[in-house]
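Heavy atoms only: backbone and side chains are in, while hydrogens, waters and symmetry mates are out. Throughout, a chain's letter reflects where its sequence line sits, starting with A, and its residues are numbered from 1.
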Amino acid sequence: MDASYDPQAVESRWYQIWEDAGVFRPEVNPDGEPFSIVIPPPNVTGVLHIGHALNMSIQDVIIRRKRMQGYAALWLPGTDHAGIATQNVVERELAKEGLSRHDLGRERFVEQVWAWKAKHGNRINQQVRRLGFSTDWSRERFTFDKGLSEAVGHVFVELYNQDLIYRGERIINWCPRCHTALSEIEVEHEEEIGELTHIRYDYTDGTGSVVVATTRPETMLGDTAVAVHPDDEKYKDAVGKTVTLPLIGREIPIVADGGVELGFGTGAVKVTPAHDPLDFEISQRHDLPAIKVIDTEANITRAGGEFFGQDRFEAREAVRHELNKQGYIVEVEDHHHSVGHCSRCGTVVEPMLSLQWFVKVGPLVGPAVEPIKDGRARYIPRRWENNYFRWMEDLRDWCISRQLWWGHRIPAWYCDDCDEVIVSVEEPQACTRCDGSSLRQDEDVLDTWFSSQLWPFSTMGWPENTPDLEKYYPTDALVTAYDIIYFWVARMIMMGIHFTHREPFRDIVIHGLVRAADGRKMSKSIGNAVDPFDLADEYGADALRLALLQSAAPGHDIPLNVEWIDAARRFGNKLWNAVRFALNHVEPGSVPATGGYPEDPGPIDAWILSRLHAVAADYDALLDEYRFSDAVGQLYNFAWSETFDWYLELAKTSVRNPASADATRQTLGVVVRDLLALFHPIIPYLTEELWSELVGDGLVAAAKWPQPPAVESAGGVNELQALIVWVRRFRAEHELSPKTQIQLLVDDPAAIAQPWWQEQLASMANVAATYEGPPAVVAGHTRFTSGALQAFVPLAGLVDVAAEKPRLEKAIAQTEQLLARSQGKLGNPNFAERAPADVVAGERRKVEEFNAKLEKLRTQLAELG
RNA sequence: GGGCGUUUAGCUCAGUUGGCUAGAGCGCUUCCCUUACAAGGAAGAGGUCACUGGUUCGAGUCCGGUAACGCCCA
C-alpha cells in the first residue's frame with residue numbers, strides 16, 4: 001500500500017466490480033425482507049448538480065446499510081423526460097443552426113429529442129456511477145418509456161371516466177416564450193416595483209366618472225365591465241350605469257360584486273375577464289363577455305384596435321401615452337406588486353383565458369391527507385406536515401395540458417363530424433357516437449409531473465400486478481429536497497392512494513438545499529455554482545459524500561464549504577493509514593469478514609471493543625431516525641479520537657508484549673474491519689479498497705452489517721488516559737522537551753493502576769513510573785489525583801518549583817468555580833426535593849470530588865512553599 | 001398580509017424527551033518530521049448560546065414578545 005491515499009486511483013476501479021457482482025440488485029439477499037426506494041428521477045438531458053449529490057448520498061447510505069443488514073434492498077434508478085426543460089434544450093441546439101422546431105415539424109422534432117436523449121441521457125447514469133451510488137441498473141426506468149407511458153394513458157382515462165379530469169376554458173398562466181400553459185406552481189412570483197396607473201372612465205350618460213387603477217394599462221383594451229363592492233356606499237348610485245371605455249369606445253356596465261376588495265384603491269376595479277383570474281370569476285357571475293386582447297405571442301390582438309400587433313410591454317406604454325394624451329390619466333404612482341415568471345425560462349407569464357385540460361383535485365385531497373394524519377406515512381422532520389396540510393387545503397385544479405411536442409400526448413380524440421370527444425388508451429378507429437372516421441388527436445401533451453406522480457408504482461410495472469410491484473410497493477422511504485414537496489410528493493401521495501389504495505412510501509425524508517459558501521442559492525447565472533464532479537475529481541467522491549452527510553442536519557440547508565470536503569479527504573487518508581498500521585500487525589487477508597472477536601481481550605482491547613459496541617448501537621439508532629449528520633459525527637469521532645488517537649497508540653505497546661500481543665492483534669483487525677463496514681455506506685470506494693487489503697474475502701458492499709458484541713471493559717483505561725493527558729499537559733506548560741523523561745511515583749491504595757500502565761506511560765508520555773507509594777518527603781513534588789489514585793512528579797532538576805505554582809492556582813480557581821456551582825444547586829432546598837434522585841446524587845458526588853481535589857491542590861500549593 | 005426557518009467560538013455549523021463543566025471542522029498559539037499517517041501528533045486560547053419577559057429546583061433546549069436575516073404562500 002502507498003503511504004498516502006489517492007482517491008482517483010481507488011475510485012476508478014470498484015464500480016464495475018460491484019455491478020458485475022450484481023450486489024446492487026436486491027436478489028443478492030434472496031431471503032431478505034424487501035426494502036425499497038425509488039430515486040427522484042433527474043431530468044434526462046440535465047447534469048447532476050450538487051443537490052443531486054446530497055440527495056443520492058442520503059439514499060445510498062440508507063440502501064447500502066439495509067443491504068448489508070440483509071434486506072432485499074432495491075434502489076430503483078431512472079430519469080424524467082422533463083417536458084419543457086428538455087424541449088428547451090433541444091430547441092436551443094436547433095437555434096444554433098438557425099432552425100426552430102417548426103422548421104422540422106412535430107414528428108422530426110420528437111425524433112430529434114429522442115436522439116438527443118440517446119446521446120446525452122447516459123451522461124447522468126455515468127455521473128451516478130462516478131459518485132458510487134448503488135442503484136439497481138437492471139430496473140432503470142424513464143418516465144417516457146413504454147411501460148410508464150401506458151400507465152400514464154391508463155391513469156388519464158380512468159380519471160377522465162371518474163370525472164376527475166375535464167376540459168374547460170379557464171384562466172391559465174401562459175408562457176409566451178415556451179408557448180405553453182403552465183400550472184400554478186410552475187410560476188414564480190417576484191416582488192417588483194411597477195407603476196399603478198389610475199384611469200378615469202366616464203359614465204356614458206355624462207353624469208360623472210369612476211376611476212380605476214391598474215398595473216397593466218394595456219389590459220384595459222379588453223375590459224368588459226367595472227366592478228365595485230356591493231356594500232360600497234360611494235358607488236351605490238353607480239351600479240347599473242355604464243361607462244364608455246376610453247380609446248375603444250365600448251360601453252360597459254358597472255356591476256356590484258363581492259369579489260372586489262373593499263377599501264382597496266379607489267374601490268372600483270376594471271374587469272378584464274380574459275386576462276385575470278379574479279376578473280374571470282366576476283365575469284362568470286355577471287355573464288360578461290371575455291375579450292382576448294393579448295395573443296399567445298404576447299402581442300395585442302385585433303380586438304385591441306389601433307394597438308394591434310404591438311408587444312404587450314410596448315402596448316403598455318403606448319396605451320398609457322394615449323390615455324394621457326386624451327386626458328384620462330388621473331395619477332401614476334409607484335407600486336410594489338408581484339409578477340409571475342415562468343419557472344423554466346424566467347419570462348413574465350401572461351394570465352390568459354384558454355381551453356385546457358385540468359385535474360379536479362378536490363376529491364383527491366382528503367384521502368391524500370389521511371395517511372399523514374394517522375401516521376401511516378410521515379414527514380421527517382415533522383414540521384413539513386403542516387406545510388403539506390396547508391398547501392393541500394387550498395389546492396386549485398391542476399392544468400395538465402402543455403402546448404409542447406415533447407411529452408405524453410393527451411389520449412383524447414375529437415370527431416370532426418359530431419364534435420364528440422373520445423378519451424381512450426388505444427387510438428379509436430371510429431367515432432363512438434356517429435361512427436365517423438375523421439378523428440383528430442389532441443395536439444397537446446401532459447405536464448411532466450403527470451407522469452412523475454406515478455413514479456413509485458409505474459416503475460414497478462403498474463397497472464400490471466408484477467412481482468416487483470407485489471414485493472417492493474409501497475416503498476419504504478422517499479428522499480427529496482423540500483422544494484418539490486408540492487410538485488411531486490403531494491401528487492404521488494394523491495395518485496398512489498387513488499390508484500393503489502396505499503400510500504406510496506412510509507418515510508418522507510426531507511433534506512435541505514445545498515447553498516453556495518456565501519449562503520446564497522447556487523445558480524449558474526450568479527456564477528457561484530459548484531460542480532460536484534470537479535469536487536469529486538479534486539477530493540474524491542467519498543470525500544464529497546462524507547462532507548455532505550456530515551452537514552446534513554434534518555431539513556436544513558447546507559452551505560457548501562470546500563474546507564469540509566478537504567477535511568473529509570484528510571479523514572480518508574487517516575483511515576487509509578490506520579489500515580496500513582493494522583496490516584503491520586495482522587496478516588493481510590487474515591481478518592474474517594464477520595465475527596472473529598477475541599475470546600479473551602486484554603484491558604485496552606476490552607475497552608475499545610466496549611466503545612465499538614456502544615458507538616455502533618448509537619450509530620444504528622441515529623441512522624434509523626435519518627439523523628445523518630449526528631450519526632456520521634459519532635462514528636467519525638469514534639474512529640479518529642478514540643480508535644486512532646488512543647487505541648492504535650496503546651496497541652503499539654501491547655503488541656510488543658507477548659502476553660497481550662495476540663488479543664490486541666485480533667482486536668485491532670476486527671475493530672478496523674468493523675469501522676470499514678460501518679463507514680461503507682458513507683464512503684463506499686475507500687472502504688471497499690481497504691477491505692480488499694485487510695479482509696480480502698468478498699466485498700464489503702455485500703458484507704454483513706457489524707454487530708459488535710457487548711464487551712465489559714474492566715476499567716483502568718480511562719484513568720490511564722487521564723494520567724497521560726495530565727503528564728503531557730504538565731510537559732507542555734513547562735515547555736519540557738518530549739525527550740526529557742519524567743519520573744512518576746504512583747500511590748495507588750485502591751489498586752487502580754495496573755502493571756501494564758508502566759509500558760504505556762513510557763511509550764505515550766515518556767514517563768518512568770514506579771508503584772512504590774508516595775515519596776517519603778512530599779514537598780518538592782507536584783501531583784496528579786484521580787479519586788484515590790495519586791501520582792507524584794519530583795520537580796527537582798526538572799522545573800523551578802515556583803513555576804508550578806501558577807498552574808496549581810489556576811486549577812484551584814477552576815475547581816472552586818465548579819464547586820460553587822454545584823453547591824449552589826444543592827443549597828437550593830427545592831433542588832433536592834424536586835430534581836430526580838440520580839441528578840441530585842450526581843451533584844453530591846461532584847461536590848465531594850471537587851472538595852477532595854481542592855484539598856489536595858491546596859496541600860500541594862502549601863508544599864511547594 | 002399569512003406561514004415557516006435561522007440567529008451558539010474568528011469563520012461555517014452540530015446540539016430531539018430541559019440536568020452542559022456547550023461540541024465539531026476550518027482558522028489561531030506553542031511544541032514535535034516519534035518506525036500508520038506532517039493530508040500527521042501533543043498541548044492550548046477562544047462562547048453572558050440575538051435581545052427580552054416568563055415557566056421550572058434547573059433553560060442553548062419549553063412558552064410569550066422584540067429585532068435582524070432567509071424561504072414559502074397569497
Checklist outcome for this item: Given Watson-Crick and G-U pairs under 3.5 Å, RNA chain B in dot-bracket ([ ] crossing, | other strand) is ((((((((.[[[[.)...(...]]]].(((((.......))))).....[[[[[..)....]]]]]))))))).
Checklist entry - Is any side-chain nitrogen or oxygen of A:His585 closer than 4.0 Å to OP1 or OP2 of B:rA36? => result no
Checklist entry - Does any donor-acceptor pair link the side chain of A:Glu649 with the base of B:rA36 at a separation under 3.5 Å? => result yes
Checklist outcome for this item: Here the gap from A:Thr272 atom OG1 to A:Phe280 atom CZ, rounded to the nearest 0.5 Å, amounts to 13.0 Å
Next on the checklist: Strictly below 4.0 Å: does A:Lys652 bring a side-chain N or O up to OP1 or OP2 of B:rA36?
Outcome noted: yes
Checklist outcome for this item: A:Trp640 has its side chain closest, among B:rG15, B:rG40, B:rU21, to B:rG40
Item to check | Output field: ring centroids A:Tyr619/A:Phe679 closer than 6.0 Å | outcome: no
Item to check | Cation-pi check, A:Lys856 onto A:Phe784 ring (under 6.0 Å, within 45° of axis) | outcome: no
Checklist entry - Checking all strands, does A:Phe644 fall into the base, sugar-phosphate, or nothing category for heavy-atom contacts under 4.0 angstrom? => result base
Next on the checklist: Could you tell me how far apart A:His189 (NE2) and B:rC72 (P) are, to the nearest whole angstrom?
Outcome noted: 11 Å
Checklist entry - Over how many whole Å does the gap from A:Ile742 atom CD1 to B:rA43 atom P extend? => result 13 Å
Item to check | Contact list for RNA chain B against residues 540-547 of chain A - heavy-atom distance below 4.0 Å | outcome: none
Item to check | Below 4.0 Å: OP1/OP2 of B:rU21 and any side-chain N or O of A:Lys846 | outcome: yes
Checklist entry - Considering only side-chain heavy atoms of A:Ala578, which listed nucleotide, B:rA43, B:rA36, B:rU21, is closest? => result B:rA36
Item to check | Heavy-atom protein contacts under 4.0 Å, nucleotides 22-33 of chain B, coded B base, S sugar-phosphate only, - none | outcome: ---SS-------
Checklist entry - Counting any heavy atom closer than 4.0 Å, what does A:Asp645 reach on the DNA or RNA strands: base, sugar-phosphate only, or nothing? => result sugar-phosphate
Item to check | Derivation of the salt bridge (charged side-chain N to carboxylate O under 4.0 Å, His left out) call for A:Glu649 and A:Lys652 | outcome: CA-CA 5 Å; A:Glu649 295 302 327; A:Lys652 286 175 182 172; 3.2 Å; yes
Next on the checklist: Ring of A:Trp640, cation from A:Arg611 - is the NZ or CZ under 6.0 Å from the centre and inside 45° of the axis?
Outcome noted: no
Item to check | Basic-acidic side-chain contact under 4.0 Å: A:Glu849, A:Lys846 | outcome: no
Next on the checklist: It should be established whether A:Lys810 places a side-chain nitrogen or oxygen under 4.0 Å from OP1 or OP2 of nucleotide B:rA45.
Outcome noted: yes
Item to check | A:Ile484 side chain reached by A:Trp449 side chain, heavy atoms, under 4.5 Å | outcome: yes
Next on the checklist: Please check this pair: side chain of A:Asn55 against backbone of A:Gly51, looking for a donor-acceptor N/O pair closer than 3.5 Å.
Outcome noted: no
Checklist entry - A:Trp384 and A:Tyr388: aromatic ring centres closer than 6.0 Å? => result no
Checklist entry - A:Arg383 near the nucleic acid: base, sugar-phosphate alone, or nothing, with a heavy-atom cut-off under 4.0 Å? => result sugar-phosphate
Checklist entry - When the P atoms of B:rC4 and B:rG10 are considered, how many whole Å apart are they? => result 32 Å
